[in-house]
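Worksheet: one structure, shown below.
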Number of protein chains: 2
Amino acid sequence: MKLQLHIKMNEALFLRNPENSELGKNILKHSVQLIGKTGFEAFTFKKLAEDIGTTEAGIYRYFENKHKLLVYLTAWYWAWLEFQISFHTNNMNEPIEKLKRVIKLLATAVEDDEKTSYIDESLLYKIIIAEGSKAYLTKQVGEDNKQQFFKPYKDLCAVVGAIILACCPTYKYPKSLASTIIEMAHFQNFFMNNLPSLTDFGESKEESEIIAFLNDLVFTSLEKK
Amino acid sequence: MKLQLHIKMNEALFLRNPENSELGKNILKHSVQLIGKTGFEAFTFKKLAEDIGTTEAGIYRYFENKHKLLVYLTAWYWAWLEFQISFHTNNMNEPIEKLKRVIKLLATAVEDDEKTSYIDESLLYKIIIAEGSKAYLTKQVGEDNKQQFFKPYKDLCAVVGAIILACCPTYKYPKSLASTIIEMAHFQNFFMNNLPSLTDFGESKEESEIIAFLNDLVFTSLEKK
DNA sequence: TTATTTATGATAGTATTACTATCTTTTAAA
DNA sequence: TTTAAAAGATAGTAATACTATCATAAATAA
């Protein structure tokens, strides 16, 4: 028997649930590939339709526009990651070990283990690094937020913030430190690979160094108190 | 007599130097206003031309496309900020005080003091917060970087990294900490105003709290060593 | 089983975007 | 005063970001 993880997505993100049809799953699968290949700016529903072998109108029946699709993919990723974290930190009772594990999960490229799923997590990870912030860096961020589009991201941040507080109950900035860890796990990776002089890892290009940096940053902050 | 600061821009960023003509200065001035109003996605050269009272073709004689214009504005901002930092930390001999000043300058909304300049720095500051990362979060980041488009950003980062090292010569991640401070000064501001639950400053919405957070983050990291 | 809803395919069409080209007039420099 | 450079005016094109319509296939309900 194979267990399959199912993430319940916010219904306002799509017009027709992409998980309920072959075409829908193809849209998710191929959009991850195409965004990964061309970048979000050059990505269009027309190209996506050609890749899938359907028509532009077909895609529009699922997603209102490419922004909603990006928000969908990022929301899916954060929800998936929160599950990964809860799974991998389960039974750990030492919050410091928990937080270390979280940092590792945030900063490590995942493998696409579950062949069953229509989403290639390792490719999606790269997309989130390069395109993820575009989901909220818009003029509509307020409305999108009202519609709870960023709930998975905020939930993840809350989880990490709670672990931080468990490590150090007197620490004053658990949420900001959480969002800093999450963003920097990705930005340092992007910088390391694309603008290496903005990091100290330009030579090795090893994620392990990002993890070491974040651990140092976080645990000196928390131990001190 | 009025001194005017002049920032020498990378020539590959424009087709015709916008600083050398009234139209060019108008392009800079109005693009800052229009991007601030509509956001970068909805910003077009056509709307900009209408705002200025010129034609689309007129804008294209200065900038190849809106991406180059955004990169120009961000480069200008980082160069300007580096000058602000060197100006305001001049004669400070205590590196810790210097670094504190840098953090304050990074996280504080500037006022548009010099009425002479055609760039409204306080408006530009908001644009950099909301749109700045889009300058490098693209597929062309490699080529853009080869053409030195991000030099002002990298220079600023190097300056901050050097101050960090002056504070603590044994610290292992000066560049990554520098880019973290720079990015977080802006992201925490964006979050505070738009996705407040990602920060600890949602209630007060005070920049001073971001500064306090960054100071805490940085100086516990550096003191420890 | 047929009737009917629902999803998809095929095709067309529109407004806007992101440009390029050309020609004329104005402005400024030699 | 000549001449070159910048700006204005206008036109045009390919691609993007959609919307609409109609036919067909597949799934579901009567």
- Task: Grab the CD-P distance between Glu56(A) and dT11(C) for me, whole Å please.
- Result: 14 Å

- Query: Starting at CZ of Phe63(A) and ending at P of dT19(D), how long is that distance when rounded to a whole Å?
  - Reply: 15 Å

- Item | Centroid-centroid under 6.0 Å between Tyr173(A) and Phe213(B) rings | yes

- Is the closest basic N to carboxylate O distance between Glu50(B) and Lys47(B) below 4.0 Å? no

- Task: Please list, by residue number, the residues of residues 133-146 of chain B whose heavy atoms come closer than 4.0 Å to an atom of DNA chain C; answer none if no residue qualifies.
- Result: none

- Task: Calculate the interatomic distance between Glu19(A) atom CD and dA7(C) atom P; express it in whole Å.
- Result: 16 Å

Write down the protein N/O and nucleotide N/O pairs, taken from nucleotides 3-8 of chain D, whose separation is under 3.5 Å; answer none if there are no such pairs.
residue, atom, partner, partner atom, Å
dA7(D), OP1, Ser21(B), OG, 3.3
dA7(D), OP1, Tyr62(B), OH, 2.9
dA7(D), OP2, Arg16(B), NH1, 3.1
dA7(D), OP2, Tyr62(B), OH, 2.5
dG8(D), OP2, Thr54(B), OG1, 2.7
dG8(D), N7, Arg61(B), NH1, 3.4
dG8(D), O6, Arg61(B), NH2, 2.9

- Note on the structure: Atom CD of Glu50(B) and atom P of dA9(D) are separated, to the nearest Å, by 13 Å

- Would you classify Glu41(B) as touching base, sugar-phosphate or nothing, given that sugar-phosphate means primed atoms plus P, OP1 and OP2, and contacts are heavy atoms under 4.0 Å? nothing

- Donor + acceptor pair across side chains of Thr138(B), Glu41(A) (<3.5 Å): no

- Does Phe43(A) have Lys66(A) sitting over its ring (NZ/CZ under 6.0 Å from centre, angle to axis within 45°)? no

- Task: Indicate whether any N or O donor in one side chain lies under 3.5 Å from an N or O acceptor in the other, for Tyr62(B) and Ser21(B).
- Result: yes

- Item | Residues forming a side chain to side chain donor-acceptor pair (under 3.5 Å) with Gln140(B), sequence neighbours excluded | His67(B)

- Side-chain atoms of Tyr60(A) come closest, of dT19(D), dT17(C), dA9(D), to dT19(D)

- Item | ring pair (Phe, Tyr, Trp, His ring centres under 6.0 Å) partner of Tyr153(A), the single match among Trp76(A), Trp78(A), Trp80(A) | Trp78(A)

- Just checking, is any N or O donor in the side chain of Tyr72(B) or Ser31(B) under 3.5 Å from an acceptor N or O on the other one? no

- Query: To the nearest angstrom, how far is Ile59(A) atom CD1 from dG9(C) atom C1'?
  - Reply: 12 Å

- Grab the NZ-C1' distance between Lys68(A) and dC18(D) for me, whole Å please. 14 Å

- Side-chain donor-acceptor contact under 3.5 Å, Asn145(A) with Lys151(A): no

- Rounded interatomic separation in angstrom, taking CG from Leu34(B) and P from dT17(C): 11 Å

- Message: In this structure, how many angstroms lie between the P atom of dA17(D) and the NZ atom of Lys46(A), rounded?
- Response: 11 Å

